[in-house]
Amino acid sequence: MASFAVILAAAGKSSRFRSKGAAVLGTGPQKKPFMDLKGRAVWVRSAEIFSNREDVKQLIITVSAEDIEWFKQKFRPNLAFMEIEIVAGGAERADSVQNALARVKSGIDYVAIHDAARPLITDKWVGEIFSAAEKHDAVIPAVRVSSTLKRAGKDLMIQETVDRTDLWAAQTPQVFKRQLLLDAYAQRGDFQATDEAQLVEHLGHEVKIVEGSPLNQKITTAADFRMAEALVNALPKPKGIQALHPFADEEPRGIF
Ligand SMILES: Nc1ccn([C@@H]2O[C@H](COP(=O)(O)OP(=O)(O)OP(=O)(O)O)[C@@H](O)[C@H]2O)c(=O)n1
Ligand SMILES: C[C@](O)(CO)[C@H](O)COP(=O)(O)O
C-alpha cells in the first residue's frame, strides 16, 4: 500500500472571512479553520477524512504561530485522537506548506496538501485523487469553469471576456510524489505560488486534473461559511466518525 502524508493548511489570516460587520462567532481567533461548523470545527472536518484512512501515515497542520498555544488547548482531544503534528505557518500559504513539508517523514511515498478551509471533502473524492496520484505522480482536483469570465479594471468596468474553454478551477487536496514536491519547493525561491501544482508545473512536470465537485468549496468569505452550513449535513459522513461526535445521529439529507 502506498503511504501518504497530509498537510492541512490552516495558518491563514482569514482577512476575506472577517469582513466588516461579520458576526463574532464565539471566543478565540475569528479565523475560518477554527469556526464551529455544525458541531465540529472546520479544520476537524477536513482532517478527519484523512485521519480515518489506513494509507495516511502522517498528518500535519499549519497554524499561525500566534494561535498555536490557544489551538493546542482548544483542540487537545482532537489533536491527540488524530495524532496531528502542528507546524507554525508562514506569511503566505506557500511558506506554510514549505514549513510543513520539511517535517514529512522520509519513508512517505506521496504528500497531499489540503486547505483546512475546504471541510466538505469526502472520503470518496480523496480515494479517487489518491488512486490517480499513484498513476500520475502529480494530481489535483478541479472543476470546469461554468460561468462566463470577465476581466475588469479597478473601476469594475469590463475590459474583456476571457475564453473559458479548457479553463478549470483548481481545488485541494493536491497530491504529489514526495521527492517531486521537494524538488518543486527547492526551486521555488520567493515565488508565492497560490497552489502547489504551479511549482510542479514550473519544473516542467505534468500535473493531471481529476474532475472534482463544486461541493468541495473553499470557505473564503462569511457567505461561503453559510453555504457550508447548509451543505454539510447533505454529505455522506466520514467513515468511523459517527460514534465520536454529538451530531453523528443526524441523517445526511442526500443530495447525491
Ligand atoms: N499563510 C497562509 C495562508 C493561508 N493558509 C491556509 O491556506 C488555505 C487557503 O487559504 P485562504 O483561503 O486564502 O485562507 P486565508 O489566507 O486565511 O484567507 P485570506 O486571503 O482571506 O486572508 C486556508 O485553509 C488557510 O488557512 C496557510 O496555511 N498559511
Ligand atoms: C489552493 C487553492 O485552494 C486552489 O484553488 C487556492 O489557490 C488557495 O488560494 P487562497 O487565496 O490561498 O485561498
Side-chain angles (χ1 to χ4, degrees), residues 6-20 22 25 28-35 37 41-47 49-50 59-68 70-71 75 84-104 111-121 125-126 129 138-145 149 167-176 181 184-185 188 190-202 207-225 227-228:
V6 177
I7 295 171
L8 272 177
K13 297 181 182 64
S14 296
S15 50
R16 290 170 288 178
F17 177 72
R18 294 180 293 166
S19 55
K20 287 187 294 301
L25 298 165
Q30 297 294 300
K31 295 178 180 175
K32 48 197 185 179
F34 310 145
M35 290 299 151
L37 180 59
V42 166
W43 79 266
V44 170
R45 289 183 176 273
S46 296
I49 295 296
F50 299 102
L59 251 179
I60 302 169
I61 188 167
T62 65
V63 176
S64 179
E66 68 198 19
D67 297 330
I68 287 181
W70 172 85
F71 182 76
F75 297 108
I84 295 182
E85 297 170 51
I86 302 171
V87 165
E92 300 296 332
R93 184 182 178 284
D95 302 314
S96 297
V97 173
Q98 190 156 20
N99 291 351
L101 186 57
R103 301 278 286 275
V104 172
V111 181
I113 302 93
H114 186 58
D115 298 328
R118 290 183 189 267
L120 304 184
I121 189 76
W125 300 338
V126 171
I129 295 158
V139 297
I140 70 166
V143 290
R144 285 188 183 278
V145 169
L149 297 178
L167 288 188
W168 293 71
Q171 300 177 338
T172 68
Q174 301 196 357
V175 189
F176 308 89
L181 191 60
Y185 264 93
R188 173 188 165 214
D190 57 4
F191 175 49
Q192 288 302 354
T194 54
D195 74 348
E196 279 60 57
Q198 274 180 278
L199 296 172
V200 175
E201 294 158 44
H202 279 191
V207 181
K208 175 92 172 174
I209 281 177
V210 174
E211 185 148 12
S213 166
L215 296 179
N216 180 24
Q217 51 123 248
K218 181 164 66 77
I219 297 175
T220 303
T221 65
D224 295 325
F225 186 79
M227 272 196 285

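In listed order, ligands and their atoms are each counted from 1. All figures in this text were calculated on a predicted structure; none of them were measured in a lab.
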Proximal atoms of ligand 1 relative to S96 (non-hydrogen, under 4.0 Å)
1 (N), 2 (C), 27 (C), 28 (O), 29 (N)

Run the side-chain hydrogen bond (donor to acceptor under 3.5 Å, both in side chains) test on S15 and K13 for me, step by step, so that the C-alpha distance in whole Å, both residues' side-chain angles and the decisive distance to 0.1 Å come before the verdict.
CA-CA 5 Å; S15 50; K13 297 181 182 64; over 6 Å; no

Which atoms of ligand 1 are found less than 4.0 Å from any heavy atom of A116?
24 (O)

Residues at least two apart in sequence or cross-chain that pass side-chain hydrogen bond (donor to acceptor under 3.5 Å, both in side chains) with D95, listed by chain then number, are R188, Q192

Going by the atom numbers of ligand 1, which of them fall below 4.0 Å from some non-hydrogen atom of S14?
15 (P), 17 (O), 18 (O), 21 (O), 22 (O)

What atoms in ligand 1 come closer than 4.0 Å to a heavy atom of R93?
1 (N), 2 (C), 3 (C), 4 (C), 7 (O), 29 (N)

Test of understanding: with side-chain contact (heavy atoms from CB on, under 4.5 Å), list the residues that count as partners of T221, not counting sequence neighbours.
A223, D224

Sequence neighbours excluded, which residues qualify as side-chain hydrogen bond (donor to acceptor under 3.5 Å, both in side chains) partners of E92?
none

Give the atoms of ligand 1, by number and element, whose distance to some non-hydrogen atom of K218 is under 4.0 Å.
12 (O)

Considering only heavy atoms of E92, which atoms of ligand 1 have at least one such atom less than 4.0 Å away?
1 (N), 2 (C)

Is P33 in polar range of ligand 1, meaning some N or O pair under 3.5 Å apart?
no

Out of G90, A9, S15, S46, indicate the one that has the non-hydrogen atom closest to atom 19 (P) of ligand 1.
S15

Which of the numbered atoms in ligand 1 are under 4.0 angstrom from any heavy atom belonging to T62?
28 (O)

Enumerate the pairs of nitrogen or oxygen atoms, one from ligand 2 and one from the protein, separated by less than 3.5 angstrom; state names and distance to 0.1 Å.
residue, atom, partner, partner atom, Å
ligand 2, 3 (O), D115, OD2, 2.5
ligand 2, 3 (O), R118, NH2, 2.9
ligand 2, 5 (O), R118, NH2, 3.4
ligand 2, 5 (O), A170, O, 2.7
ligand 2, 7 (O), T194, O, 2.7
ligand 2, 11 (O), R16, NH2, 3.1
ligand 2, 13 (O), R16, NH2, 3.4
ligand 2, 13 (O), K218, NZ, 2.6

Backbone or side chain, does any N or O of A11 fall under 3.5 Å from an N or O of ligand 1?
yes

Just do the side chain to side chain contact (heavy atoms under 4.5 Å, CB included) check on M35 and S14 with the steps written out, would you?
CA-CA 11 Å; M35 290 299 151; S14 296; over 6 Å; no

Candidates P119, A91, G12; heavy atom nearest atom 5 (N) of ligand 1 found on G12

